[in-house]
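Note that the coordinates shown come from a computational prediction; the quantities given were computed from them, not determined experimentally. Basis for what follows: all heavy atoms, side chains included, without hydrogens, waters or symmetry-related copies. Each ligand, and each atom within it, is numbered from 1 in the order the structure gives.
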Amino acid sequence: MGIETSCDETGVALLRWEPAQPGRGLLAHALYSQIRLHAEYGGVVPELASRDHVRKLLPLVRQALAEAGLTPQDLGGVAYTAGPGLVGALLVGAAAGRAMAWALGVPAIGVHHMEGHLLAPLLEEDPPRPPFVALLVSGGHSLLVEVKGIGEYRILGDTLDDAAGEAFDKTAKLMGLPYPGGPELARLAGQGRPGMFRFPRPMTDRPGLDFSFSGLKTQVLLAWQKSDRSEQTRADIARAFEEAIVDTLLIKCRRALQATGAKRLVIAGGVGANRRLRAELAAAGEQDGFRTYFPRPAFCTDNGAMIALAGAIRLAAGQQQGESVDVHPRWDLSGLPPAPQALAGQE
Ligand code: KG4
Ligand code: ZN
């Protein structure tokens, strides 16, 4: 069982471990989004998030078990997100997951949320095998990672300020869109006309793989304030903003592939659901001769299935958690232990 409660979605999934084709072992996944709860405040309120996880987690566990036709006694292990994330929210999933494993006499494992995102494409048909480069773009992180094996992660690039998803959300808010604005801004961008506005591609004019998206938001604000503020203009600006982000990510991905010699690119995290990003990276792959791997959009954003998968891989490698309830609100991805040969077909 995988449990996700790091931010504003409660996710529970059940996975039977099938190393050659992990997605085929997915038996059930249930998700509850707190979006409506936080919308009136314009962003996630941590204490409300924790309380809502408390309310929704066990009903979701029951729902997932019923969907899979299983009882708790059928479980062979419990994985939960142990960080990074909101401390109170993490504690709900960790305490419930650890207690359930203890009561059932099965192993528990605390999963790194970004490793969950990174491994999510393995839930699809024809899953990628390491080595590969991963672009992880979520609300809290923008990372380029060289993946030599499970748990062998070298950070190639990181964000110096706003993460890509955060840039989408803050920019949407500036133009008056309700929380969480990212997906809505992306939808608007689809109605924008090309070439009406143009924003810079931050930090692409010098070498390096780090990102900085906070200046882009100021550029958008200036353009929006000077404009006629019509619906069409909002869509035109949204389009130019989305193009700037996608183009920047594409330039950095190309550099990372060149620097590592990797032939596979994995894209994951909430922004991985973005249609323009998916189309542009896939087209670049065809042009340059690298393969792209995306999770389905529902597994780009937070979910329990990716936590069940990352947990299953680590349990299969013989790793497990002690009996204490530990969470890590900040947690470095490159400090994780390797889990060699956990996957069938790893090079
Ligand atoms: O991975 P995720 O669900 O949560 C974190 O771990 O942060 O990512 C959420 C982020 C939000 O910032 C949201 O605005 C963004 O992903 N996002 C999108 C799209 N769907 C979600 N950004 C751009 N286009 C989308 N279609
Ligand atoms: Zn996430």
*Every N, O or S from the protein that is nearer than 2.8 Å to the Zn ion (ligand 2)*: His113 NE2, His117 NE2, Asp302 OD1

*asked:* For Phe168 together with Phe241, are the ring centres under 6.0 Å from each other?
replied: yes

*Is it true that Pro180 lies under 4.0 Å from ligand 1, counting heavy atoms only?*
no

*asked:* Show the atoms of ligand 1 that are less than 4.0 angstrom away from any heavy atom in Pro183.
replied: 14 (O), 20 (N), 21 (C)

*Say whether Arg275 and ligand 1 are in contact under the criterion: heavy-atom distance to a ligand atom below 4.0 Å.*
no

_Using a 3.5 Å distance criterion without hydrogens, assess whether the side chain of Arg264 forms a donor-acceptor pair with backbone atoms of Arg129._
yes

*Give the residue, atom name and distance (to 0.1 Å) of the protein heavy atom nearest atom 20 (N) of ligand 1.*
Gly270 O, 3.4 Å

*May I ask you to check whether Gly269 has an N/O atom sitting below 3.5 Å from an N/O atom of ligand 1?*
no

*Hey, is ligand 1 close enough to Thr301 that some N/O pair sits below 3.5 Å?*
no

*asked:* Ring-plane angle category for His38 and Tyr179, please: parallel below 30°, perpendicular beyond 60°, tilted otherwise.
replied: perpendicular

*Measure Asp302 to ligand 1 on non-hydrogen atoms and call it side chain, backbone, both or neither using the 4.0 Å cut-off.*
both

_Considering Ala189, Ala268, Gly139, Ser33 one by one, which has a heavy atom nearer to atom 9 (C) of ligand 1 than any of the others?_
Gly139

*Please state whether Cys7 comes within less than 4.0 angstrom of ligand 1, counting heavy atoms only.*
no

*Are Glu242 and Arg239 ion-paired here, with the side-chain N under 4.0 Å from a carboxylate O?*
no

_Contact between ligand 1 and His141 is defined here as a heavy atom of the residue under 4.0 Å from a ligand atom; is it met?_
no

